[in-house]
Peer 1: 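Handing you a structure now.
Predicted, not measured: the structure shown is a model, and the values here were computed from it. The sequence lines fix the lettering, A, B, ..., with proteins before strands; numbering per chain opens at 1.
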Amino acid sequence: DAEITQSPRHKITETGRQVTLACHQTWNHNNMFWYRQDLGHGLRLIHYSYGVQDTNKGEVSDGYSVSRSNTEDLPLTLESAASSQTSVYFCASSGGSGNTIYFGEGSWLTVV
Amino acid sequence: GENVEQHPSTLSVQEGDSAVIKCTYSDSASNYFPWYKQELGKRPQLIIDIRSNVGEKKDQRIAVTLNKTAKHFSLHITETQPEDSAVYFCAASISGGFKTIFGAGTRLFVKA
């Protein structure tokens, strides 16, 4: 069955380190998204992509970057991790106009 | 850009009662409004959605209403059951499947 998977599922890192969260989908979806979830803020959009080589900033993009070199993957990089980036990160994808957005299982990141 | 506000942040009801969650959006171009349910430790999953060309949609015990003029939409759950306990998110986007902005979430408790 098609799926969207994230790795690692749990990670603890130190302030200042570079961290990359992987997202891989086998739906062959053009659209991919990264959200962070924090208590009281819901799901906030970090970056999104509508296809290969296309990336766009979301609501809370500072300190994060993404790249889209193929259809299946949208890795999220924290250039220099900060304690404020401790959060649950969800990757999501959709097939385009009128289609449902499907979420991955989430990556719990703790920055100490 | 789009802004989605959701109320209440917490809702407690007795089993069998109804629950109503309300959202407002700011961008008049938004025309697709999904609702997601997130159980503890799980990923958000779509439960129902509505497009701007309809005012109401039902699916068994859940229904959504949309008032385009007022930019309001609501989720109604009737005959609530303990398994309805979860966090519910409303969202807005253009066409669906593209950039989607979420509300802050409502934590629903259904007391047996």
Side-chain angles (χ1 to χ4, degrees), chain A residues 2-7 9-10 21 23-25 27-51 54-61 66 68 74 87-108, chain B residues 1-10 21-27 29-54 57 59 64 75 86-108:
Chain A
E3 184 53 280
I4 178 167
T5 55
Q6 296 182 227
S7 63
R9 296 291 314 283
H10 297 88
L21 305 180
C23 176
H24 179 80
Q25 52 97 1
W27 297 99
N28 199 34
H29 284 166
N30 285 326
N31 301 346
M32 296 185 73
F33 312 88
W34 273 103
Y35 289 89
R36 62 177 287 175
Q37 183 173 23
D38 306 287
L39 192 62
H41 292 282
L43 294 156
R44 291 183 291 175
L45 184 63
I46 305 172
H47 282 286
Y48 59 102
S49 169
Y50 290 154
D54 176 75
T55 61
N56 306 279
K57 294 181 178 180
E59 305 168 274
V60 289
S61 60
V66 293
R68 188 87 180 271
L74 187 71
S87 187
V88 182
Y89 291 85
F90 284 98
C91 182
S93 72
S94 78
S97 180
N99 285 275
T100 301
I101 289 179
Y102 294 95
F103 284 87
E105 293 181 294
S107 293
W108 276 252
Chain B
E2 177 65 276
N3 182 52
V4 178
E5 294 192 357
Q6 182 171 348
H7 300 280
S9 57
T10 305
I21 302 170
K22 299 182 179 181
C23 291
T24 61
Y25 63 98
S26 62
D27 189 347
S30 291
N31 58 12
Y32 175 73
F33 307 94
W35 286 87
Y36 283 78
K37 176 183 180 181
Q38 185 182 29
E39 297 177 348
L40 190 63
K42 302 286 184 67
R43 72 185 88 185
Q45 293 193 303
L46 180 75
I47 55 171
I48 195 168
D49 56 16
I50 189 167
R51 300 181 188 279
S52 59
N53 58 346
V54 298
K57 182 178 179 180
D59 183 4
V64 290
L75 176 71
V87 178
Y88 292 81
F89 293 99
C90 63
S93 76
I94 298 174
S95 298
F98 295 101
K99 184 176 80 167
T100 300
I101 302 300
F102 286 80
T106 296
R107 185 172 295 276
L108 174 64

Peer 1: One thing to verify: whether B/Asp59 and B/Lys57 come together as a salt bridge, which I'm taking to mean a side-chain N less than 4.0 angstrom from a carboxylate O.
Peer 2: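 No salt bridge links B/Lys57 with B/Asp59.
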
Peer 1: Under 6.0 Å between ring centres, would you say that holds for A/His10 and A/Trp108?
Peer 2: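 Ring centres of A/Trp108 and A/His10 closer than 6.0 Å.
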
Peer 1: Would you mind checking which part of B/Ser9 comes under 4.5 Å of any heavy atom in chain A, side chain (CB onward), backbone (N, CA, C, O), both or neither?
Peer 2: neither

Peer 1: Quick check: are there more than 12 heavy atoms from other residues, nucleotides or ligands sitting under 6.0 Å from CG of A/Leu39?
Peer 2: no

Peer 1: Can you tell me which portion of B/Lys99 sits under 4.5 Å from chain A's heavy atoms? Options are side chain, backbone, both or neither.
Peer 2: both

Peer 1: By a 4.5 Å heavy-atom criterion (distance strictly below it), what part of A/Phe103 contacts chain B: side chain, backbone, both, or neither?
Peer 2: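 Both backbone and side chain.
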
Peer 1: Backbone N or O of B/Ser26 within a donor-acceptor pair of the B/Glu2 side chain at under 3.5 Å?
Peer 2: yes

Peer 1: Can any side-chain N or O of A/Thr55 pair as donor or acceptor with the backbone N or O of A/Ser49 at less than 3.5 Å?
Peer 2: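 Side chain of A/Thr55 to backbone of A/Ser49: no pair is present.
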
Peer 1: Name the region of A/Ile101, side chain, backbone, both or neither, that has any atom closer than 4.5 Å to a heavy atom of chain B.
Peer 2: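 Its backbone and side chain both get close to chain B.
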
Peer 1: Based on non-hydrogen pairs under 4.5 Å, which of A/Gly104, A/Gly106, A/Gly40 is most in contact with chain B?
Peer 2: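 Top option by heavy-atom pairs under 4.5 Å: A/Gly104.
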
Peer 1: Can you say whether B/Phe98 sits under 4.5 Å from chain A via the side chain, the backbone, both, or neither, judging by heavy atoms?
Peer 2: both

Peer 1: Select one option (side chain, backbone, both, neither) describing which atoms of B/Gln38 are under 4.5 Å from chain A's heavy atoms.
Peer 2: side chain

Peer 1: Answer with side chain, backbone, both or neither: which region of B/Pro44 has an atom nearer than 4.5 Å to a non-hydrogen atom of chain A?
Peer 2: both

Peer 1: Using distance alone, with no hydrogens and no angle criterion, decide if B/Asp49 and B/Tyr32 have a side-chain donor and acceptor under 3.5 Å apart.
Peer 2: yes

